[in-house]
Amino acid sequence: MSAFTLASRDLSMQFPAVLALDSVSVSFKSGEVHGVVGENGAGKSTLMRILSGIQTPTSGEVFISGQPVRLHGVRDAIGRGIAMIHQELDVVDELTVAENIFLGEEITKRGILCSTKMKEETRALLSQLGAKFSADTRVESLSVAGKQLVAVAKALSLNAKVLIMDEPTAVLSEHEADALFSVIEKLKSQGVAIVYISHRLSEVLQICDRITVLRDGRVVRTLERGEADESELASLMVGRPLQDVFPPKSHVHGDAPVLQVRDVSLRDKVEWASFEILPGEIVGIAGLVGSGRTELCESLVGLRPLVGGEVYIQGECCKLRGPKDAMKRGVCYLSEDRKGLGLVLDMNTVENVTLPTLRKFASPFIDKKREKAVVSNWIETLDIRVGDVQAPTLYLSGGNQQKVCLAKWLEVEPRVLILDEPTRGVDVGAKRELYELIARLAREGMACIVVSSELPEIIGLCHRALVMRNGRIVGEVPEPLLTEEAIMRLAAGVDAA
């Protein structure tokens, strides 16, 4: 493959309430992995949308192999060799894996679909990624990690010269991420330019040849491999030193459990799960993707029916028919899918925050003034950076969207708050703010359950960790023994329950 460069010169993007990009100049070269990092709202996604043909910049130019071009949409960008794997999964659940990969790019002969050929090429792509499912598998049956691999395979099928990866490992296990890194190395050796966006700074430092740091829509610095460590990179992103990422752990309040789970079972997902949590305690739930963590948490707020077992809240056995029942009992669940399940993206910040508690503001008509005052208080308390509270939450950064989700459930005044992957897709500065918030809630007596794939998060934040494997809680690791090795030995089945 001949040398290929994708570059921008003085790109700017002005939205009604914010200047998302301010004279950004950067280049991506054949045969290198180029990381792009920055806090949520730094301009990473806007830059990638422009380079992939989704948006047209307010000013500035895009260059391909030294020649200025104007990209007329996504298909034009793909035709010029630029493909993007989006953070939000771009798959159709009702279709098979092969049908998804070749959707819009079907192989035909004399107007007839060549299904055999498409399946054959799909099998080769899946083998390259180390996927365990087949070309005929319906995508709706896959885990989130499996769907992510389908999106990666689809991008690879386009034979892109530039491949933009936006948080590709956010939902992948360590094994799946390693398989993806191997693919990236292979593509790099073939001359493909990889643009790699991730909040996981350790993996950025591990696989990237160069790293460009964005802050407030501007390029702060482009670094060569080895020029900075994780701490220095984080400081460049936020513009200040980051010390003590995790706050001190508070003391647990009392010895009477606020939530008790006894032998809970879900069909084909969870078996005989038992644990309890005290007021002011932060309990982590760890395990590999597909271990049943999310399904267990969803059952605790009535999103999944129990086939066995009991849930006690404040000592009372509760039959939860749905999140509304759980909310009345003081148990709330922050979903791992904030955009799909946590927010109504077309609604504004005020509407999203008060949605579960709207009756509080209606008598019978909604008191808009009181509603706005309550939300303004949450915006100040949680430091939600929103230019216009009447603008759709679609336009907020990931970290601020997560804070809106939190505000929504904190307005309910829960006794137990379940947080499923609370910092997924959130930058290092916002992570620290979320950790501080969770620790403060615990100090005030709230019981918190934290599901996370990031083991340092479990270790740094939680008083103890429950480890799941194949739908069962296979062990508990108390704080004095809380290490990555101890958790992984249980999660991988090295140590017996």
Side-chain angles (χ1 to χ4, degrees), residues 39-40 199 234 238 240-259 276-285 297 300-301 313-314 327 330-336 338 342 349 352-354 356-357 373-386 396-452 454 456-465 479 482:
E39 291 190 275
N40 288 110
H199 289 303
V238 301
R240 63 186 186 278
L242 276 177
Q243 305 295 337
D244 302 322
V245 174
F246 295 102
K249 297 178 184 180
S250 61
H251 295 292
V252 177
H253 297 233
D255 54 9
V258 64
L259 174 72
E276 60 185 38
I277 183 169
L278 302 172
E281 189 177 24
I282 305 174
V283 174
I285 301 183
C297 290
L300 302 182
V301 290
I313 301 172
Q314 296 287 101
M327 188 175 74
V331 181
C332 292
Y333 171 64
L334 183 75
S335 170
E336 64 175 336
R338 65 171 171 265
T349 300
N352 268 287
V353 171
T354 61
T357 53
V374 166
V375 175
S376 295
N377 180 61
W378 283 120
I379 288 172
E380 182 179 351
T381 300
L382 302 183
D383 191 23
I384 304 174
R385 296 166 194 175
V386 48
L396 295 181
S397 68
N400 287 307
Q401 286 179 341
Q402 193 74 318
K403 290 178 182 178
V404 172
C405 290
L406 272 169
K408 176 177 72 172
W409 293 122
L410 292 177
E411 179 60 23
V412 175
E413 301 180 48
R415 298 186 183 96
V416 180
L417 182 61
I418 304 169
L419 303 113
D420 196 348
E421 301 287 2
T423 63
R424 174 174 292 164
V426 171
D427 65 73
V428 66
K431 274 186 179 183
R432 189 173 186 273
E433 293 174 359
L434 289 170
Y435 296 151
E436 290 282 0
L437 172 62
I438 295 168
R440 176 161 60 82
L441 294 173
R443 285 196 299 272
E444 293 170 357
M446 189 180 296
C448 297
I449 297 173
V450 176
V451 178
S452 180
E454 297 190 31
E457 193 163 273
I458 295 283
I459 295 164
L461 195 60
C462 301
H463 293 96
R464 57 190 170 97
E479 185 177 4
L482 207 48

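In what follows, every heavy atom counts, from backbone to side chain, and hydrogens, waters and symmetry copies are set aside.
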Before giving the answer on side chain to side chain contact (heavy atoms under 4.5 Å, CB included), spell out for Thr423 and His199 the whole-Å C-alpha distance, their side-chain angles and the decisive distance to 0.1 Å. CA-CA 10 Å; Thr423 63; His199 289 303; over 6 Å; no
Might you point out which heavy atoms bring Pro422 and Leu434 nearest each other, and give the distance in Å?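 Closest heavy-atom pair between Pro422 and Leu434: O-CD1, 3.7 Å.
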Derivation of the side chain to side chain contact (heavy atoms under 4.5 Å, CB included) call for Arg415 and Leu259: CA-CA 9 Å; Arg415 298 186 183 96; Leu259 174 72; over 6 Å; no
Quick check: do Val252 and His463 have side-chain heavy atoms less than 4.5 Å from each other?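 They are in contact (side-chain heavy atoms under 4.5 Å apart), so the answer is yes.
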Using every non-hydrogen atom in the two residues, find where Cys332 and Val301 come nearest and quote the distance to one decimal.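 Where Cys332 meets Val301 most closely, the heavy atoms are C-CG1, 4.3 Å.
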Once you round to the nearest 0.5 Å, how far does OG1 of Thr357 lie from CG of Leu410?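 Answer for the OG1-CG pair, Thr357 versus Leu410, is 11.0 Å.
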Ion pair check, Glu444 and Arg440, cut-off under 4.0 Å: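 Arg440 and Glu444: salt-bridged.
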If you round to the nearest 0.5 Å, how far is CG of Leu437 from CZ of Arg432?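 Going from the CZ atom of Arg432 to the CG atom of Leu437 covers 13.5 Å.
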Would you give the length of the straight line joining atom CG of Leu482 to atom CD1 of Ile459, rounded to the nearest 0.5 angstrom?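 So the CG of Leu482 and the CD1 of Ile459 are separated by 5.5 Å.
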Set of salt bridge (charged side-chain N to carboxylate O under 4.0 Å, His left out) partners for Glu479, sequence neighbours left out: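 Lys249.
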How would you list, by chain and number, every residue that makes a side-chain hydrogen bond (donor to acceptor under 3.5 Å, both in side chains) with Asp420, sequence neighbours excluded?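 Residues passing side-chain hydrogen bond (donor to acceptor under 3.5 Å, both in side chains) with Asp420: Thr294, Tyr333.
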Rounded to the nearest 0.5 Å, how far does CG of Leu461 lie from CD1 of Ile438?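 Here the interatomic distance stands at 5.0 Å.
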Kindly write out the residues that satisfy side-chain hydrogen bond (donor to acceptor under 3.5 Å, both in side chains) with Glu281, not counting sequence neighbours, or none if the list is empty.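 Result, side-chain hydrogen bond (donor to acceptor under 3.5 Å, both in side chains) vs Glu281: Arg464.
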Might you work through the side chain to side chain contact (heavy atoms under 4.5 Å, CB included) test for Leu300 and Val416, ending with a clear yes or no? CA-CA 10 Å; Leu300 302 182; Val416 180; over 6 Å; no
If you define the side chain from C-beta out and look only at heavy atoms, does anything of Glu421 sit under 4.5 Å from Ser452?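 A side-chain contact under 4.5 Å exists here.
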For residues 396-410, which residue pairs qualify under salt bridge (Lys or Arg N to Asp or Glu O under 4.0 Å), counting only residues two or more places apart or in two chains?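 For residues 396-410: Lys403-Glu433.
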Any residue meeting side-chain hydrogen bond (donor to acceptor under 3.5 Å, both in side chains) with Thr354, in chain and number order, not counting sequence neighbours: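 side-chain hydrogen bond (donor to acceptor under 3.5 Å, both in side chains) list for Thr354, sorted by chain: Glu371.
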Would you sort out whether Leu406 and Leu419 count as a side chain to side chain contact (heavy atoms under 4.5 Å, CB included), showing the intermediate values? CA-CA 9 Å; Leu406 272 169; Leu419 303 113; 3.6 Å; yes
Do Pro414 and Met327 touch side chain to side chain, with heavy atoms closer than 4.5 Å?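 They are not in contact (no side-chain heavy atoms under 4.5 Å apart), so the answer is no.
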Qualifying residues under salt bridge (charged side-chain N to carboxylate O under 4.0 Å, His left out), relative to Arg443, sequence neighbours excluded: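 So Arg443 forms no salt bridge (charged side-chain N to carboxylate O under 4.0 Å, His left out) with any residue.
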Counting only pairs under 3.5 Å, give me each side-chain donor-acceptor contact of residues 373-382, with atom names and distances, residues two or more places apart or in other chains.
{"from": "Ser376", "atom 1": "OG", "to": "Lys372", "atom 2": "O", "distance (Å)": "2.8"}
{"from": "Trp378", "atom 1": "NE1", "to": "Glu411", "atom 2": "OE1", "distance (Å)": "2.6"}
{"from": "Thr381", "atom 1": "OG1", "to": "Asn377", "atom 2": "O", "distance (Å)": "2.8"}

Is there side-chain contact between Arg338 and Val404, with heavy atoms separated by less than 4.5 Å?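 They are not in contact (no side-chain heavy atoms under 4.5 Å apart), so the answer is no.
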Determine the minimum heavy-atom distance between Cys448 and Ile277, stating which atoms define it.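 Shortest heavy-atom separation between Cys448 and Ile277 comes out as O-CD1, 3.3 Å.
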Partners passing salt bridge (charged side-chain N to carboxylate O under 4.0 Å, His left out) against Glu457 (at least two apart in sequence or in another chain):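 Result, salt bridge (charged side-chain N to carboxylate O under 4.0 Å, His left out) vs Glu457: none returned.
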Could you tell me which residues satisfy salt bridge (charged side-chain N to carboxylate O under 4.0 Å, His left out) with Glu413, sequence neighbours excluded, listed by chain and number?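 Expected list: none.
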Check Ala447 against Leu278 and note the closest heavy-atom contact, atom names and distance.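 Looking at all heavy atoms of both residues, the closest pair is CB-O, 3.5 Å.
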About how many Å separate CD1 of Ile449 and CG of Leu334, when rounded to the nearest 0.5 Å?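 One finds 12.5 Å between CG of Leu334 and CD1 of Ile449.
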Minimum heavy-atom separation for Gly280 and Ser250, please, with both atom names.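 That closest heavy-atom pairing would be O-OG, 4.1 Å.
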By side-chain hydrogen bond (donor to acceptor under 3.5 Å, both in side chains) - contacts of Glu454 (at least two apart):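 Once residues adjacent in sequence are excluded, the partners of Glu454 under the side-chain hydrogen bond (donor to acceptor under 3.5 Å, both in side chains) criterion are Lys431.
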Do Asn400 and Val386 make a side-chain contact, defined as non-hydrogen atoms from C-beta onward lying under 4.5 Å apart?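 The answer is no, as the side chains (C-beta and beyond) never meet within the 4.5 Å cut-off.
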Identify the two heavy atoms, one from Pro279 and one from Ala256, that lie closest to each other, and give their separation to 0.1 Å.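 Closest approach of Pro279 to Ala256: CD-O, 3.2 Å.
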